[in-house]
There are 2 protein chains.
Amino acid sequence: MVPFRLVPLSGVPIAEQVAFAAKKAIFSRKLRPGDAFPSVRALARAMKIHANTAQKVIAQLAAEGLLEVLPGIGTVVARQAAPRSGRARLLAREVEQLAVQAMQIGASLEELQSAINECWRGLAGARSDRGAV
Amino acid sequence: MVPFRLVPLSGVPIAEQVAFAAKKAIFSRKLRPGDAFPSVRALARAMKIHANTAQKVIAQLAAEGLLEVLPGIGTVVARQAAPRSGRARLLAREVEQLAVQAMQIGASLEELQSAINECWRGLAGARSDRGAV
DNA sequence: CAGGTGTCACATGTGATATGGTACACGTAT
DNA sequence: ATACGTGTACCATATCACATGTGACACCTG
């Protein structure tokens, strides 16, 4: 069974949602390096999406280095590549967007920091307990 | 002159980009409550976009309570409404997205916090120096 | 060989988006 | 009253991203 579900959210492409869910599963270690990733057609069936869309998801994750494709065999979760330098720069857009939105709803910097903390712990904290919800 | 520029970014709707730029200008106090906001046609001319698109921007910002429409007169920057309760919940999606992306590029929680801090200061820090770049 | 895997190439329909144009109700200034 | 600027509302059109649908190919394993 695939370790993530999908709620039809408006505005966000299905492929993006699935890819994001897969990322969460990987970073929270519900999927460990070396684990087999659902095949294109299996993923399509499980997520109720088209095989072509599922293929796009896998292709994107593979391009980002999160999955390793074994031609003719399947796809497995890759070990994380060494992070490149100047990585803080890549977050600028997202950080700015989050900051502005936080300001708009009247949140304080402390509240935002706390929300980040909580979320981070929620992801990184589910390390070796595989069956946990 | 409008206090924000626009760089044609792929994938993101123009109206969204303009609205976001306007939000930044408002929250960083480059536009203060009571200040006149560019008119639909002026904004369209300045941003090199269609009047219809500019109107969509203003309508969205007004719907979010950031602008106050004076019928027949124009649009001014509104005083921020009292923040509603349970506001941390509204950030969950964005926070989660940012956290996952930070993990992907190998950033630590501390680095992420620091990036947030810096960005927040950059926005809230430009309070009363109007002419600054 | 058959069956599974990832990959690619079309075509099709749908929805969002941006543009272009026109019109209206409102308020201000002349 | 007139002219002008304001936000707002339609309609039409073109474009693009997206998901779907279908088919085909190269690869590996049994």
Side-chain angles (χ1 to χ4, degrees), chain A residues 1-2 4-23 26 31 33-78, chain B residues 1-2 4-22 26 31 33-78 97:
Chain A
M1 196 47 193
V2 281
F4 42 86
R5 263 156 307 198
L6 180 60
V7 287
L9 196 62
S10 62
V12 186
I14 298 181
E16 289 290 332
Q17 297 180 46
V18 177
F20 181 74
K23 281 184 188 178
I26 291 176
L31 283 176
D35 280 1
F37 195 82
S39 76
V40 169
R41 293 158 180 90
L43 181 62
R45 231 176 305 120
M47 297 281 104
K48 312 272 194 191
I49 60 179
H50 196 77
N52 227 331
T53 305
Q55 200 278 328
K56 193 181 300 182
V57 172
I58 293 184
Q60 176 187 336
L61 294 176
E64 295 179 6
L66 294 173
L67 295 183
E68 194 172 351
V69 174
L70 309 178
I73 309 288
T75 308
V76 297
V77 179
Chain B
M1 197 47 194
V2 281
F4 44 85
R5 263 155 311 198
L6 180 61
V7 288
L9 197 62
S10 63
V12 185
I14 300 180
E16 289 290 332
Q17 297 179 46
V18 177
F20 182 73
I26 292 175
L31 284 177
D35 280 1
F37 195 82
S39 76
V40 169
R41 294 159 181 89
L43 181 62
R45 231 176 306 119
M47 297 280 103
K48 313 271 195 192
I49 61 180
H50 196 76
N52 225 331
T53 306
Q55 200 278 329
K56 194 182 299 181
V57 173
I58 294 184
Q60 176 186 336
L61 293 176
E64 294 179 5
L66 295 173
L67 295 183
E68 194 171 351
V69 175
L70 309 178
I73 309 288
T75 308
V76 297
V77 179
Q97 179 182 341

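Hydrogens, waters and symmetry mates are skipped; everything else that's a heavy atom, side chains included, is used. Here is how names work: the chains are called A, B, and so on, in the same order as the sequence lines, proteins then strands, and each is numbered from 1.
What separates CG of L67(A) from C1' of dG6(C) is a distance of 12 Å, to the nearest Å. Between the CD atom of Q60(B) and the C1' atom of dA18(C) there is a distance of 15 Å, rounded to whole Å. For the pair K48(B) NZ and dT19(C) P, the computed distance is 13 Å after rounding to whole Å. Atom CD1 in I58(A) sits about 13 Å away from atom P in dC8(C), given to the nearest Å. Per the geometry, CD1 belonging to I73(A) stands 13 Å off P belonging to dT7(C), to the nearest Å. Spacing between atom CD of Q55(A) and atom P of dT5(C) amounts to 13 Å, rounded to whole angstrom units. Per the geometry, CD1 belonging to I14(A) stands 13 Å off P belonging to dA16(C), to the nearest Å.
Here the closest heavy-atom approach between residue A54(B) and residue V40(B) is recorded as CB-O, 3.4 Å. The two atoms that bring T53(A) and I49(A) nearest to each other are CG2-CD1, 4.2 Å, heavy atoms only. Nearest heavy-atom pair across V69(A) and A62(A) is CG2-CB, 3.9 Å. What you find for A78(B) and G65(B) is that their closest heavy atoms are CB-O, 3.6 Å.
Residues A15(A) and G74(B) both approach DNA chain D. Their nearest nucleotides, taken by heavy-atom distance, put G74(B) toward the 5′ side. Of the two residues near DNA chain C, N52(A) and G72(A), the one whose nearest nucleotide lies more 5' is G72(A).
Summarising the geometry, atom CD belonging to Q60(B) is positioned 11.5 Å from atom CD1 belonging to I58(B); distances are rounded to the nearest 0.5 Å. Atom CD1 in I14(A) sits 13.5 Å away from atom NZ in K48(A) (nearest 0.5 Å). For the atom pair NE2 of H50(A) and CZ of R45(A), the computed distance is 13.0 Å after rounding to the nearest 0.5 Å.
With contacts defined as side-chain heavy-atom distances shorter than 4.5 Å, the pair F37(A)/L61(A) qualifies. Taking the side chain as every heavy atom from C-beta outward, L67(A) and V77(A) approach each other to under 4.5 Å.
Note on A51(B): nothing from the nucleic acid sits closer than 4.0 angstrom, heavy atoms only.
Regarding contacts with the backbone of dG20(C), a side-chain N or O of H50(B) is found under 4.0 angstrom from either OP1 or OP2. Distances shown here put every side-chain N or O of T53(B) at or beyond 4.0 Å from the OP1 or OP2 atom of dA18(C).
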(request) For DNA chain C, produce a single dot-bracket line, 5' to 3'. Pairs: Watson-Crick or G-U wobble, both distances under 3.5 Å. Symbols: ( ) within strand, [ ] crossing, | other strand, . unpaired. (result) ||||||||||||||||||||||||||||||
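Taking a heavy-atom distance under 4.0 Å as the criterion, the stretch of DNA chain D touched by chain A extends 5' to 3' from dC18(D) to dT29(D).
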